[in-house]
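Following: one structure in structure tokens, then a few remarks.
Order of appearance sets the numbers: ligands from 1, and atoms from 1 within every ligand.
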Amino acid sequence: MTPAPSPQLLRAAEAVLRGNDRGGYTLPSADLYPFQWNWDSAFIALGWAACDESRAWRELETLFAAQWPDGMVPHIVFHGRAGRYFPGPEVWRTEREPPTSGITQPPVAASCVRWIFERARDRTLAEAAVKRLLPKLFAWHRWFHRLRDPERLGVVHIVHPWESGMDNSPAFDAPLAAVPVEDLEPYERRDLEHVPPEQRPTRLEYDRYLALLRVFRDCGWRAREVVRQSPFLVADVGVNMILHRADRDLLALAREFGAREMVAALEEWMATGRQGMERCLRDPETGFYHPRDARRGLRLAASTHAAFLAFWAGIGDDLLARRLERWLAATRFGLSSVAADDPAFDPDRYWRGPVWAITNFMIAQGLEEYGRSDLARRLRADTRVLIQRSGFREYFHPQDGRGLGGRAFSWTAAVLLAEQAG
Ligand code: GLC
């Protein structure tokens, strides 16, 4: 058993949040990501809830204030000056105020709202905040189900790897390779000023990321047009699992607040979502979940830790738990984002091998609910040990535990605080 984090470590976690707080929103990391990021803010709110509930609600409300009229919640909100970030508002050109990116991120917010609501000490504050957030969360989920499931398969699609939150995951290698990059304007990356290149996506991946942005800009950021024109259209495992749980959590809130129209829609999305994942993403032989490339109409072979989010989604099973045990046995620290015996495994590079505190958090919570508290404990203990040894880093090396990527990283600090608060 790993001892609980010391009061000192918890104070240090809070100091990370306070240091990245810009009043109403929190930077993921001051050097690398100097604005508000969508799913970062949702996790960060969990951390705030452990030390300052009203600040937690404010984090979420600031994010949702940037929601688009069609319901989408953008993946970056560019508060303040653009600073030295690339691609900044001048590349996105979405014509929003405050400026935002034009794509979304995993919809984990409803689950975080429910988490905070159920633990809130200030009930009046919590009820008022949930009342305000409920219709906005619902509009975002409706946007996903209506606009991102063009073939009515029951699974939602992403048009850019950044929408998965797991940017350079091997899940996207094949569909991204098909994205044409001709005549790309020259550009300069800024991420490499802060992090060594072997810990970040490659140049070719970056070219394709920007080529996609150009397509969407040419569509005037109109949601249906973007889906029609995007050369990249993937039913991502992580996004579908996260949306499935978020639908469930939103349904619980909608019932509690007597929002009847929402209840009916959410029940339907949960049923179609479950069938869709079973039909389109699950390999019937192995029981593992894989992404589906809608442009080629096939399920891809790539295997990543996103499949274990099935536990978070409430659809994990023993087959998956056994696979998780094998996956964990192959590295010193878990859970690696790609299995150590997979040819795509690259233990230093971002979403191709390193351990991430937020995915550990979600999968551990799901395992606990599934009745595998032994595995949940293992994941939580690994997160804690990694933070204790290497600090609040963006991600960690699964073999030697080295801290990688950005430093003083908000969501790493936030999930430690959230787990401690229970
Ligand atoms: C990277 C991650 C993404 C995260 C962002 C800010 O782009 O891949 O998931 O939201 O950094 O932390």
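- Counted within 6.0 Å of CZ on R299, heavy atoms from surrounding residues, nucleotides or ligands total more than 12; the atom is thus considered enclosed.
- P196 meets the side chain to side chain contact (heavy atoms under 4.5 Å, CB included) test with E198, Q199; sequence neighbours excluded.
- With F396 as the aromatic partner, R402 does not meet the cation-pi criteria of under 6.0 angstrom to the ring centre and within 45 degrees of the ring axis.
- Within 4.0 Å of ligand 1, protein heavy atoms belong to P28, Y33, W37, W39, D40, Q105, G165, D167, Y350, W351, F409, W411, listed by chain and number.
- Relative to the ring axis of Y187, R203 places its NZ or CZ within 45° and under 6.0 Å from the centre.
- Looking only at atom types and distance, the side chain of S29 has no donor-acceptor partner in the side chain of D31 under 3.5 Å away.
- Under the 3.5 Å distance criterion, with hydrogens and angles disregarded, a donor-acceptor pair is assigned to the side chains of T26 and E59.
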